[in-house]
Structures are given as structure tokens and as C-alpha cells.
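Here is the structure we will look at, set down as C-alpha cells.
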Protein chains: 2
Amino acid sequence: MDKSKVSMAVVRRLPRYYRYILELSDAGVDRVSSSSLAEKMGLTASQIRQDLNCFGGFGQQGYGYNVANLTQELASILGLDQGRKAIIIGAGNMGRALINNFNFRKCGVALTCAFDTETSLIGAHINGVLVRHVDELDGFQKQYKPEIAVLTMPKSAAQRMGERLCKNGIKGLWNFTTVDLHLEGIDVPVENVRFMESLMILSYRL
Amino acid sequence: MDKSKVSMAVVRRLPRYYRYILELSDAGVDRVSSSSLAEKMGLTASQIRQDLNCFGGFGQQGYGYNVANLTQELASILGLDQGRKAIIIGAGNMGRALINNFNFRKCGVALTCAFDTETSLIGAHINGVLVRHVDELDGFQKQYKPEIAVLTMPKSAAQRMGERLCKNGIKGLWNFTTVDLHLEGIDVPVENVRFMESLMILSYRL
DNA sequence: TAGATTGTTAATCGATTAACAATC
DNA sequence: TAGATTGTTAATCGATTAACAATC
């Protein structure tokens with residue numbers, strides 16, 4: 001199926017498929033049927049087959065899915081094998097927490113540089129990642145062409161920074177600020193991480 | 001409408017409605033129509049009216065919605081006015097980042113205590129929050145009856161800890177670990193925060 | 001071959017959008 | 001009153017589930 005026709009409902013399930021299949025792979029399991037995977041994941045076998053078939057026939061009748069093969073296919077679908085480069089804008093608390101703890105590599109992404117405006121941070125290394133001044137951003141983008149920018153700066157600067165990053169050729173924004181970015185006419189996907197919305201939804205469900 | 005019949009699709013939009021309406025409120029706007037709100041948010045007016053009407057008729061024909069009133073209604077629907085208490089299990093990097101930076105109060109939640117097993121942390125205060133040993137957890141729950149537990153401990157301990165928290169009366173789990181909690185037969189909502197899935201989805205969309 | 005399980009089509013279910021009467 | 005905009009029903013659209021022929 002044409003990638004552009006796959007619904008976001010399906011796409012949002014892919015990383016979870018990947019996590020489960022990777023777990024099976026690590027456990028040394030070599031094949032799995034849609035029905036056994038469905039039971040583990042709390043989905044229907046039908047949905048799993050429908051979802052995977054958006055991207056190709058990875059299974060085999062009478063056998064199921066080869067775990068090693070499916071792992072690799074899912075990684076490829078998700079683009080985890082693309083060796084992408086990321087930069088992070090804002091080395092405050094949230095930024096540092098990500099730099100120190102988040103496993104970018106597991107997503108196939110290399111965090112190559114951090115940017116900030118705070119003079120005391122410039123030149124420092126955080127978990128091996130150099131902090132540069134935001135003034136160097138445009139030049140850095142031209143030279144190294146990172147695909148992904150992580151937005152962990154104050155929300156007041158987010159909209160302008162998003163536009164600037166796009167103008168210099170960023171391919172996707174991972175937005176930890178609370179603002180909705182408006183990038184009309186610019187074809188750059190934005191993925192938001194919203195702690196506060198998440199906690200409010202939990203609060204509703206209590 | 002009966003709260004249990006409101007679909008999660010609707011519920012997941014509520015915090016965003018709240019954010020926008022709060023912004024209008026802060027800007028001193030006193031009324032808003034579904035169509036103007038729809039335009040700002042990139043939704044249809046129809047959807048906004050349908051969504052809000054799951055909870056009551058907050059608008060007025062020919063006028064629209066009173067911003068102050070709707071703000072208060074949404075806060076109440078989300079339970080932000082319930083003065084709930086939260087504890088956090090795991091004062092490692094993720095835990096400390098939340099304690100130091102996340103605004104629990106904006107969600108109407110008071111973070112009352114942190115728990116860990118690391119001796120060097122016990123007794124310390126992080127941003128005013130005392131770290132106790134996990135051995136004190138059961139007693140603490142009995143005495144203070146926190147409604148929400150934030151899970152920021154190693155994933156290997158998450159399942160057991162989830163069960164233990166529920167047995168002692170927790171009402172909801174905010175799960176930052178990468179595991180899916182299985183709490184069959186226990187009616188405690190779990191809200192997952194999944195950085196890695198979020199970045200993988202962005203990676204897919206590039 | 002017989003059994004298992006996929007890939008895929010058709011049926012069902014749920015969510016979104018459109019339309020409009022009610023009413024402020 | 002006339003204009004605006006809701007609340008709500010009906011129509012459409014999309015996603016999930018069920019069913020089964022294909023096939024390993």
C-alpha cells in the first residue's frame with residue numbers, strides 16, 4: 001500500500017508492534033502467529049494482519065511470521081535503519097534529562113549537538129554531547145544537515161525556532177513544548193510529547 | 001451523557017480544549033463560538049459541539065460559549081479541581097526531572113512524596129519533595145491515601161510495583177516505564193508516556 | 001495430504017461531519 | 001424582530017472485526 005494512504009491509527013500502533021516483536025526476538029523465539037501476538041498485546045489477530053499488510057505480506061500461510069524477518073521489516077518501515085542525526089534545542093532541565101537518559105540509539109537516531117543561549121552552558125559536554133550557542137545553529141545545519149530537531153526550549157521561542165529550523169532544512173520536529181506549532185505550507189511533521197495532557201487524561205479517568 | 005459512554009477519542013481531546021480555552025481566558029476574551037475555536041484548533045465546529053455536548057450544554061444559542069464558565073466546566077470534567085495527591089516511585093533521572101520541572105499543580109495535583117531504594121537519596125529533599133525508602137510505601141499509602149502514582153523506576157520492577165500500589169488503594173498509574181502493565185481484574189486506569197514510540201512515529205513520518 | 005494460518009474481501013461498528021430546527 | 005449559534009439528528013466516512021478462500 002502507498003505509504004501516504006496508511007492511516008495514522010495504524011502508524012501509531014507500529015512502535016508497539018516493534019517493541020513486542022523485538023522482545024520475542026530477544027527471547028529467542030523464531031516465529032509467531034497473528035493470534036498469539038494478538039493475545040499478548042490485547043488486540044485482535046485480524047487487526048494485526050490488516051495493519052502489517054499495509055506494508056507488505058510479511059507472513060506465510062500455515063506458518064505465521066518469522067520473528068527475525070518481521071523485526072527487520074518493522075525497523076525499516078519505521079526508518080530506524082536510516083542512521084538519522086538529531087539536534088536538541090534547549091539544554092535546560094528537560095533537554096538535559098533527555099540528553100542524559102533517553103536512548104536515541106534505540107530509535108536509530110544519533111544526537112549530535114545541543115544548542116542553548118545560556119553562556120555558562122556553551123562549550124560544555126553533557127553525556128558527551130557538546131552544547132553550542134544558538135547563533136551557530138544555521139551554520140551547523142548547513143554543514144551537518146541533521147534531520148530531526150528536539151524542541152526543549154521555553155515555549156515563547158518555539159514557534160520562531162520551528163520556522164527557523166525548517167527554513168534551514170530540518171525534516172521533522174519532536175516538540176516537548178506546550179505550544180502547537182503552526183507551519184502552514186511547510187511539509188515537516190511535528191510529533192508532540194505532552195505530559196500535561198497525559199496526566200489530565202489520567203485525572204479524568206480516575 | 002453517562003461518563004462511561006464517552007469515547008476515548010473525545011476524552012483525549014479534552015486537555016487540548018482546556019489549554020485553548022485557558023489561553024482565551026488569560027487573554028481576557030469572554031466568549032467564543034465553536035466555529036472560531038475550531039479554526040484556531042484546526043478542528044470542525046461540529047466536532048467541538050459534539051464533544052462538549054457529551055458533558056452538557058455549556059453554550060447558548062446565538063451567543064456561543066462563555067469562556068470563564070467553559071474553563072471551569074472543563075477543569076471540573078477533567079477532575080483538576082479535586083485536589084488529588086500523587087507520589088512518585090523512582091527518584092532517578094526521569095523521576096528527578098519530573099519532580100524538578102513538571103508543573104503538577106497546573107493539573108490540580110500535589111506531589112507529596114518520592115520513593116526510592118537508593119540509600120544515598122533517602123531523606124533528601126528534591127524541589128521540596130522528601131525521598132523516602134520504598135519500605136515505607138505501604139504505610140504511607142495507608143496514612144495519606146494518594147490517588148496517583150508516577151512510575152519512574154526501572155522497568156524490571158514496574159509490574160510488581162503496579163500491583164503493590166493497587167493493592168494498597170492507588171486510583172491511577174502514570175507510567176513512564178516502557179512496559180505494558182497487566183492489572184487484570186483491577187479497575188485502575190494506567191496512562192502511559194512513551195517517548196520512544198513518539199520518536200519512532202516521527203521517524204516513520206519523515 | 002491435512003492442518004494451520006495468512007492475505008484479503010465483506011460486514012459491522014464507531015467516529016466525524018453535515019444539516020437544520022430550536023432558541024437566545 | 002432578525003441574526004447568530006447552539007444542541008441534536010441524520011448522513012457520511014473510516015476503522016475494526018469477521019469470514020473465508022488461498023496456500024504454505
Side-chain angles (χ1 to χ4, degrees), chain A residues 1-17 20-21 24 29-74 77 201 204-205, chain B residues 1-17 20-21 24 29-74 77 201 204-205:
Chain A
M1 190 188 292
D2 183 0
K3 180 166 165 173
S4 69
K5 281 183 199 137
V6 177
S7 78
M8 277 306 289
V10 173
V11 173
R12 298 206 165 277
R13 282 190 291 269
L14 294 176
R16 193 152 169 270
Y17 289 138
Y20 274 83
I21 205 77
L24 288 173
V29 176
D30 64 350
R31 71 189 189 97
V32 69
S33 67
S34 57
S35 58
S36 73
L37 189 57
E39 194 181 20
K40 266 188 237 297
M41 297 185 66
L43 302 172
T44 65
S46 215
Q47 181 167 59
I48 292 177
R49 293 203 300 277
Q50 284 273 26
D51 285 356
L52 296 179
N53 268 83
C54 291
F55 303 97
F58 305 131
Q60 195 168 87
Q61 281 97 331
Y63 173 86
Y65 298 86
N66 178 279
V67 170
N69 176 246
L70 187 54
T71 307
Q72 143 64 28
E73 290 286 1
L74 282 168
I77 290 163
I201 290 162
Y204 171 90
R205 300 207 286 149
Chain B
M1 191 190 289
D2 185 359
K3 179 165 166 172
S4 68
K5 280 182 202 139
V6 177
S7 78
M8 277 307 287
V10 173
V11 172
R12 297 205 167 276
R13 284 191 289 270
L14 294 177
R16 193 152 170 269
Y17 288 139
Y20 273 83
I21 205 76
L24 288 173
V29 176
D30 64 348
R31 72 192 189 94
V32 70
S33 68
S34 57
S35 58
S36 73
L37 189 57
E39 194 181 19
K40 267 188 236 297
M41 297 185 65
L43 303 171
T44 65
S46 215
Q47 181 168 59
I48 292 178
R49 293 204 299 279
Q50 285 272 26
D51 284 356
L52 295 179
N53 268 82
C54 292
F55 303 98
F58 305 131
Q60 197 169 86
Q61 281 98 332
Y63 172 86
Y65 297 85
N66 177 282
V67 170
N69 176 246
L70 187 54
T71 307
Q72 142 65 28
E73 291 286 2
L74 283 168
I77 290 163
I201 290 162
Y204 171 89
R205 302 207 286 149

Task: Sidechain-backbone polar pair: A/R13 side chain, A/Q47 backbone, donor-acceptor under 3.5 Å - done: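 No: the side chain of A/R13 does not pair with the backbone of A/Q47.
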For [X] and [N], give me the distance from atom [atom1] to atom [atom2], rounded to whole Å.
X: B/L37; N: D/dT5; atom1: CG; atom2: P; answer: 13 Å
X: B/F55; N: D/dT6; atom1: CZ; atom2: C1'; answer: 18 Å
X: A/F58; N: C/dT5; atom1: CZ; atom2: P; answer: 20 Å
X: A/Q61; N: D/dA19; atom1: CD; atom2: P; answer: 20 Å
X: A/Q60; N: C/dG7; atom1: CD; atom2: P; answer: 9 Å

TODO: Just compare D/dT5, C/dT17, C/dG7 and give me whichever is closest to any side-chain atom of A/Y65.
DONE: C/dG7
TODO: Just compare C/dA15, C/dG7, D/dT8 and give me whichever is closest to any side-chain atom of B/N53.
DONE: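 In terms of side-chain proximity for B/N53, the closest of C/dA15, C/dG7, D/dT8 is D/dT8.
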Which pairs would a plain distance check flag for residues 58-73 of chain A, meaning a side-chain donor or acceptor within less than 3.5 Å of a matching protein atom at least two apart in sequence or in another chain?
from, atom 1, to, atom 2, distance (Å)
A/N66, OD1, A/A68, N, 3.2
A/N66, OD1, A/N69, N, 2.8
A/T71, OG1, A/V67, O, 2.6

Task: Rounded distance (nearest 0.5 Å) linking atom OG of B/S34 with atom CG of B/D51 - done: 11.0 Å
- [ ] Identify whether any heavy atom of A/S35 sits under 4.0 Å from a base atom; if not, whether one sits that close to sugar-phosphate; answer base, sugar-phosphate or nothing.
- [x]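 No contact.
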Task: Phosphate OP1/OP2 of C/dT16: any B/Q47 side-chain N/O under 4.0 Å - done: yes
Task: Side chains of B/T44 and B/S46, donor plus acceptor under 3.5 Å - done: no
Between the protein and nucleotides 9-13 of chain D, are there any N/O to N/O pairs under 3.5 Å, and if so, what are the atom names and distances?
from, atom 1, to, atom 2, distance (Å)
D/dT9, O4, B/Q50, NE2, 2.8

Task: Pairing stems for DNA chain C [at least three consecutive pairs; Watson-Crick or G-U; under 3.5 angstrom] - done: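 If one scans DNA chain C for consecutive Watson-Crick or G-U pairs, the stems found are C:3-24 with D:3-24.
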